[in-house]
Amino acid sequence: MSESVKFEVGGRSLDLPVMKGTLGPDVVDIRKLYGETDVFTYDPSFTSTASCESKITFIDGDNGVLLHRGYPIEQLAENSSFLEVCYLLLNGELPNAAEFSGFENTITRHTMLHDQFDRFFNGFRRDAHPMAIMTGAVGALSAFYHDSTNVEDPEQRMISSHRLIAKMPTIAARAFKYSQGQPFVHPRNDLSYAENFLRMCFAVPAEDYKPNPVLAKAMDKIFILHADHEQNASTSTVRMVGSSGANPFACIAAGIASLWGPKHGGANEEALNMLKAIGTVDNVPDFVQGVKDRRHMLMGFGHRVYKNYDPRAKIMQQTCHEVLAEMGHGDDPLLKVAMELEKIALNEDFFVERKLYPNVDFYSGITLRALGFPPEMFTVLFALARTVGWISQWQEMIQDPAQKIGRPRQLYTGAVKRDYTAIDGR
Ligand code: SDX
C-alpha cells in the first residue's frame, strides 16, 4: 500500500499521498489540501516545496552531487562536449554518432540572425549593460521567428529550442562587440560551438582570430558547468512564464532577467569585483571579518541546495588554473586572493556553521577575465550556457500532464474590508 501523511486541521482530516522519486527526498502531494480543508501552505521562497516533477537534473546538496539525466557533472565536463550535453538535456539520452552529427549540423545552421535583427542593437547606448541588451534582444526574437512560437506544436517547440541554443552565442557576441564599439563578426560553420563564439567575440576586421584549442576547450567546459541546475530562480521563472502559454523566446528573456540578480547569475560579476576590491592577500582577513560583522557578503559563496562544495566550483577552479597557465597569468594576484579567501572562509566558524562553500560563480570570474571578457559579460556567458537548461525544462513542463498555469496563493495580512472616505474627510 502506498504511503500517506495524515493532515488534521479544524476538526477535518485528510490523507495526503507521499510521492517517491528515483532519488532525493519523498514529496507530500498537497494538491487536494485547500479543496478539502480550506487551508493553504506557506513557503515563500520554496524552501520545502517541489514545484514540479522533473527527469532532467538531480542535485544531492549534502554530498555535493550533480547529475544531468543521471550522468555526473564531473564525467560530462571531462569527457563530453557542450553540444552533446545540450542534446542530452533536451532529448533525455546521449546521442549516437549519427544523432550527434545531425544535431550539430542543425545548431550550426541556425546560428545566423535575421539581418534586420542587427539594427535592434543600435537602439541601446554603447555603455548599456550587456545583460540589458540580452534581455531585450532575446525577447525580440519572437518578433523575428513567428513560425516557431506556437507552443502547442511539438515541431515548432523543437525548432525554437534549436534556434535559441544556436543564436544565443551570436547575440551574446554582438552585445559584447557593441559595447566595445567594434563591428559584428558573423558565425562560421567550420568552427565548433565554443570556437565560433570566441571568434565572434575576439576577431576584428583587421585581424582574424585563430581559436586556441586550450581556451576553446575551457570555454566549452565552462558552458557545460552552467548548462542546467534544476529548479533555480531563473528556471522557475521560465517555467512560471511558460505556464501561461507564452512563447519560448519571451520565456527565455524572463529567465535572463531573473538570472541577472547578484544573488543568482549576477554573482560572477560581483565576485570578481569583490576580489578586485580586496586587492591583495593581506586584506583577506579584514574582508572576512567584514563578512562576519555583516558589513558585506562573500560573493560566490553559499547555496540554497549545496550544503557542501558545489561540484562545479571544483571543476571551475581546475579550469581556472589551466586557463591562467595558458595565458601566462599563473601568478594572477586575484587568484591568490580567491584561494586565500576560500582557505580562511572554509575554516571559520561563521561559514562552517552555515555550511557556506564556494559555488560555481567563485572561480568563474577570474577564468573568464583571463579569457578576455570584461566583468559585465560574465552573466551573459552564464545565460548563453543556461539557455539549454531553461528550454529543456520548458519543454518538459509543456509536456507534463499535471501542468497548469502557475498561480501561488498568499497569506493576506493587509487591511480588512473598510469603507472609502472622501478626501476632505481623511
Ligand atoms: C547561483 O539555485 C541555484 O541552483 C543557483 C545556481 C544555478 O546554477 O542556477 O547554482 C547559480 O545562483 C549560485 C549562487 C550565486 N550567489 C552568490 O554567490 C551570492 C552570495 N550567496 C548568497 O546570497 C546566498 O548564499 C544564496 C542566495 C546563494 C542562497 O541563499 P539562501 O539559501 O536563501 O540562504 P540565506 O541567504 O538564508 O543564508 C543562510 C545564512 C544567513 O545567515 P543567518 O541569517 O542564518 O545568520 O548564511 C548567510 C546568511 O546571511 N549567508 C552568507 C552568504 N550566503 C549565505 N553570509 C555571507 N556571505 C554569503 N555569501
Side-chain angles (χ1 to χ4, degrees), residues 24 43-51 54 56-62 64-68 73 77 85 89 131 222-239 252 255-275 278 284 287-316 338 341-342 344-346 348-366 375 378-379 381-390 392-393:
D43 187 18
S45 313
F46 302 108
T47 50
S48 297
T49 297
S51 61
S54 183
I56 302 176
T57 292
F58 173 76
I59 304 171
D60 174 349
D62 291 332
V65 171
L66 169 60
L67 310 176
H68 291 318
I73 189 66
V85 172
L89 289 169
M131 280 299 277
I222 292 169
F223 289 156
I224 295 176
L225 295 181
H226 289 89
D228 190 46
H229 216 231
E230 52 117 308
Q231 309 312 320
N232 56 82
S234 54
T235 301
S236 301
T237 303
V238 169
R239 279 185 179 258
I252 301 304
I256 295 172
S258 168
L259 186 75
W260 193 0
K263 289 188 178 171
H264 191 12
N268 52 14
E269 181 178 347
E270 296 293 326
L272 190 88
N273 291 338
M274 171 193 77
L275 295 175
I278 298 172
V284 169
F287 183 84
V288 171
Q289 189 56 47
V291 176
K292 294 196 296 190
D293 296 344
R294 300 195 182 268
R295 276 184 277 126
H296 40 243
M297 301 279 282
L298 178 46
M299 301 311 283
F301 253 68
H303 200 274
R304 170 64 60 79
V305 186
Y306 292 120
K307 299 303 164 199
N308 199 328
Y309 223 104
D310 177 340
R312 302 168 300 172
K314 279 190 194 151
I315 307 169
M316 188 63 84
L341 202 49
E342 179 185 339
I344 295 189
L346 291 181
E348 289 276 349
D349 285 350
F350 178 93
F351 298 90
V352 175
E353 282 160 12
R354 291 170 180 77
K355 300 190 177 165
L356 300 174
Y357 290 84
N359 60 49
V360 67
D361 292 320
F362 192 65
Y363 283 103
S364 65
I366 312 176
F378 297 171
T379 314
L381 301 187
F382 193 154
L384 184 171
R386 182 54 59 85
T387 296
V388 64
W390 289 329
S392 304
Q393 301 262 354

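Read the numbers this way: they start at 1 and go in the same order the structure lists the ligands and their atoms. Just so it is clear, the structure is predicted and the values come from calculations on it, not from any experiment.
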Numbered atoms and elements of ligand 1 in range of Leu298, under 4.0 angstrom, heavy atoms: 57 (C), 58 (N), 59 (C), 60 (N)
Heavy-atom nearest neighbour in the protein, as seen from atom 20 (C) of ligand 1, with distance rounded to 0.1 Å: Phe301 O, 3.3 Å
Gap between atom CD1 of Ile56 and atom OG of Ser392 - 0.5 Å precision: 5.5 Å
Identity of the nearest option to atom 49 (C) of ligand 1, non-hydrogen atoms only, from Met297, Glu353, His296, Arg294: Arg294
Taking atom 19 (C) of ligand 1 as the reference point, the nearest protein heavy atom with its distance: Met299 CE, 3.6 Å
Atom pair CG/OH of Leu272 and Tyr363 - distance to nearest 0.5 Å: 13.0 Å
Verify atom 35 (P) of ligand 1: protein non-hydrogen atom under 4.0 angstrom away: no
Among Gly300, Ser234, Ala271, closest by any non-hydrogen atom to atom 18 (O) of ligand 1: Gly300
Straight-line distance of Leu259 CG to His226 NE2, nearest 0.5 Å: 8.5 Å
Within-cutoff protein neighbour (heavy atom, under 4.0 Å) for atom 30 (O) of ligand 1: no
contact_flag Ser45 ligand 1 heavy-atom lt 4.0 Å: no
Nearest heavy-atom neighbours spanning Gln231 and Ser236: O-OG, 3.0 Å
Asp361 N/O under 3.5 Å from ligand 1 N/O: no
Contact check: Lys307 vs ligand 1, nitrogen or oxygen atoms, below 3.5 angstrom: no
Non-hydrogen side-chain atoms of Ser258 and His264 separated by less than 4.5 Å: yes
Proximity to ligand 1 by part of Leu356, non-hydrogen separation under 4.0 Å: side chain
Atoms in ligand 1 with a heavy atom of Asn232 nearer than 4.0 Å: 2 (O), 3 (C), 4 (O), 5 (C), 9 (O)
Considering all heavy atoms, the nearest Gly265-Thr379 contact: O-OG1, 3.3 Å
Nearest neighbour in protein (non-hydrogen) for atom 17 (C) of ligand 1: Ala267 CB, 3.4 Å
Leu298 side chain reached by Met274 side chain, heavy atoms, under 4.5 Å: yes
Heavy-atom gap Arg312 to ligand 1 smaller than 4.0 Å: yes
Identity of the nearest option to atom 33 (O) of ligand 1, non-hydrogen atoms only, from His229, His264, Arg304, Lys355: Arg304
Check: Tyr309 and Leu346 side chains under 4.5 Å, non-hydrogen atoms: yes
Ser54 versus Gln393, closest heavy-atom pair with distance: OG-OE1, 3.9 Å
Numbering as shown, the atoms of ligand 1 that approach Gly302 to under 4.0 Å (heavy-atom distance): 25 (O), 28 (C)
Val291 N/O to ligand 1 N/O under 3.5 Å: no
Heavy-atom protein neighbour under 4.0 angstrom from atom 60 (N) of ligand 1: yes
Donor-acceptor contact below 3.5 Å, side chain Thr387 vs main chain Ala383: yes
For the student: nearest non-hydrogen atoms of Pro262 and Ala267, plus distance: O-CB, 3.3 Å
Residue, atom name and distance, where the atom is the protein heavy atom closest to atom 27 (C) of ligand 1: Lys263 O, 3.8 Å
Residue-ligand contact Phe350/ligand 1, heavy atom below 4.0 Å: yes
Ligand 1 contact on Arg354 by region, counting heavy-atom pairs under 4.0 Å: side chain
Reported CZ-to-CG distance for the pair Arg386 and Leu225, which is rounded to 0.5 angstrom: 10.5 Å
Heavy-atom nearest neighbour in the protein, as seen from atom 5 (C) of ligand 1, with distance rounded to 0.1 Å: His303 NE2, 3.5 Å
Any non-hydrogen protein atom less than 4.0 Å away from atom 25 (O) of ligand 1: yes
Heavy-atom protein neighbour under 4.0 angstrom from atom 2 (O) of ligand 1: yes
Polar contact flag for Ala233 and ligand 1 (N/O pairs, less than 3.5 Å): no
Residue-ligand contact Arg386/ligand 1, heavy atom below 4.0 Å: yes
Nearest non-hydrogen partners of Lys307 and Asp62, listed with the distance: CB-OD1, 3.9 Å
Separation between CZ of Arg304 and CG of Asn232, rounded to the nearest 0.5 Å: 11.5 Å
Within 6.0 Å of NZ in Lys263, more than 12 heavy atoms from elsewhere: no
Reported CG-to-CG distance for the pair Asn308 and Asp60, which is rounded to 0.5 angstrom: 8.5 Å
Closest approach of any protein heavy atom to atom 14 (C) of ligand 1, naming residue and atom: Asn359 ND2, 3.4 Å
